[in-house]
Amino acid sequence: MANFKVTGERKLGGTVSIGGAKNAVLPILAASSMISGEVILHNCPLLSDVENTLKILKYIGAGVKREGSTLIINSNSVSKSYVPEKYMRLMRSSVLFLGALSSRTGSSRMSLPGGCNIGLRPIDLHLKALADLSAVISYDGKEVCCNAEKSRSADIVLPYPSVGATENAILFSVFLKGKTRIINAAREPEIYDLCSFLNKAGARISGASGSVIEIEGVKKLRPLEYTVMPDRVTAVTFLCIAASTKSALELKNVDYTCFKSELCALMNMGCKLYLSEKSVAIKPSKLKRVKSIATNPYPGFSTDCQPLIASALIKAKGVSEIKEAVFENRFEYAKELIKFGADINVINNKAVIKGVKRLSAANVECKDLRGGAALVTAALSAEGTSYINNIDYIDRGYERLEVQLSNIGADIMRIKNEEKRK
């Protein structure tokens with residue numbers, strides 16, 4: 001098990017190039033299993049979630065090759081429709097193979113997915129969406145089975161704009177004869193990226209980025225070359241790190257139109273931001289409280305960015321309030337931030353943050369991916385040397401975060417448990 005050793009209170013500076021979006025590349029990789037022939041994907045980050053998805057592709061029979069940030073997938077020989085529990089438990093997005101493999105082979109079977117422990121994340125909306133398309137769904141307490149032999153196009157009405165359920169429904173519908181409509185669909189930019197990928201492969205999908213997505217079935221998809229969108233959550237992460245450490249940074253390869261709600265929050269905190277077509281710059285500023293931030297489905301404030309903003313607000317002047325409306329356990333990271341000296345009071349789905357002047361080094365534990373990034377942010381602005389444990393969570397969504405931070409002046413290194421004990 002590896003840890004981060006972080007010595008804080010250093011001014012950072014320079015340029016960070018934002019890589020491909022984790023939440024875009026994962027569904028696109030699942031979709032690649034539906035294409036006979038070679039798929040070339042550019043801007044694919046080296047993340048543990050991505051590598052675990054590649055293991056699933058290899059298991060079901062796909063050929064996989066990585067050349068830097070480019071992945072070459074050949075699904076000509078995909079034949080298996082079963083994903084073992086050892087792969088499913090590693091990440092939430094593994095459930096997307098339910099729709100993809102059912103669409104390709106006519107059926108699929110897998111255990112329930114794993115992922116971060118940030119609250120109840122049932123897949124009932126996924127199963128309802130596929131059942132609305134006449135798929136036969138069964139669950140024996142261990143595995144979910146989906147039979148798509150008698151499935152047909154229809155209208156799907158989602159009671160909540162679930163990202164995963166929307167993606168699974170899209171993947172399942174691509175080959176269905178007729179028109180499928182997903183009503184109250186999730187509107188995240190990563191869904192638009194998935195639809196753009198599929199359309200370039202020959203799918204007929206319209207309405208992506210809106211609340212109603214229409215899919216006209218096609219007989220097959222063709223090989224293609226595609227570039228994955230940049231990661232908006234990673235961009236917000238580095239902006240929060242710069243804000244917390246009072247540093248100047250420039251982010252390259254970003255599309256700020258994908259995270260306007262988060263930019264608005266940062267501006268309300270007093271951050272000096274400079275936006276251009278493919279870059280965002282931030283200058284040092286005194287942080288102030290924000291009256292209230294509430295997470296909501298896109299285009300609202302992202303639940304993934306909530307811990308990041310909180311980690312910057314712990315040194316902002318005044319009292320801030322954050323309401324979490326998506327995941328009930330999203331504030332688990334707050335207990336760890338308090339170890340740095342943060343003044344946070346969590347009551348049900350609300351965190352009240354009273355800004356403090358200084359933070360002190362701490363030995364903390366990652367509870368989930370974005371909470372782990374929040375701990376790194378706090379450690380970078382704390383006095384002394386901190387240790388962040390269980391960073392496997394961080395590796396799920398950030399490519400060699402310690403290297404990226406070292407390149408802009410941070411004192412951070414990856415160490416093993418034995419080194420920490422010395």
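All values reported here derive from a predicted model rather than from experimental measurement. Nothing fancy with the numbering, it's 1 onward along the sequence. Side chains are part of it too, since the values below use all heavy atoms of this structure and drop only hydrogens, waters and symmetry mates.
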Answer yes or no: are there more than 12 heavy-atom neighbours, outside [X] itself, under 6.0 Å from its atom [atom1]?
X: Lys200; atom1: NZ; answer: yes
X: Asp124; atom1: CG; answer: yes
X: Lys283; atom1: NZ; answer: no
X: Tyr192; atom1: OH; answer: no
X: Lys317; atom1: NZ; answer: no

Considering only heavy atoms from C-beta outward, does the side chain of [X] approach that of [Y] to under 4.5 Å?
X: Phe301; Y: Val326; result: no
X: Cys258; Y: Glu190; result: no
X: Phe172; Y: Thr180; result: no

Spatial distance of atom [atom1] ([X]) from atom [atom2] ([Y]) [nearest 0.5 Å]:
X: Thr166; Y: Ile191; atom1: OG1; atom2: CD1; value: 4.5 Å
X: Leu380; Y: Cys240; atom1: CG; atom2: SG; value: 12.0 Å
X: Ile213; Y: Ser173; atom1: CD1; atom2: OG; value: 10.0 Å
X: Glu321; Y: Asn345; atom1: CD; atom2: CG; value: 11.0 Å

Of Arg396, Lys22, Arg330, Arg232, the residue whose pairing with Asp304 passes salt bridge (Lys or Arg N to Asp or Glu O under 4.0 Å): Arg330
Output all residues satisfying ring pair (Phe, Tyr, Trp, His ring centres under 6.0 Å) with Tyr87, sequence neighbours left out; order by chain, then residue number. Tyr59
State, without any angle test, whether [X] and [Y] hold a side-chain donor-acceptor pair at a distance under 3.5 Å.
X: Gln306; Y: Tyr333; result: yes
X: Glu149; Y: Ser107; result: no
X: Asp193; Y: Tyr226; result: yes

Hey, mind stepping through Glu365 and Lys367 against salt bridge (Lys or Arg N to Asp or Glu O under 4.0 Å) and telling me if it holds? CA-CA 6 Å; Glu365 188 88 11; Lys367 304 293 185 180; over 6 Å; no
Within 45 degrees of the axis of the six-membered ring of Tyr298 and under 6.0 Å from its centre: does Arg187 put its NZ or CZ there? no
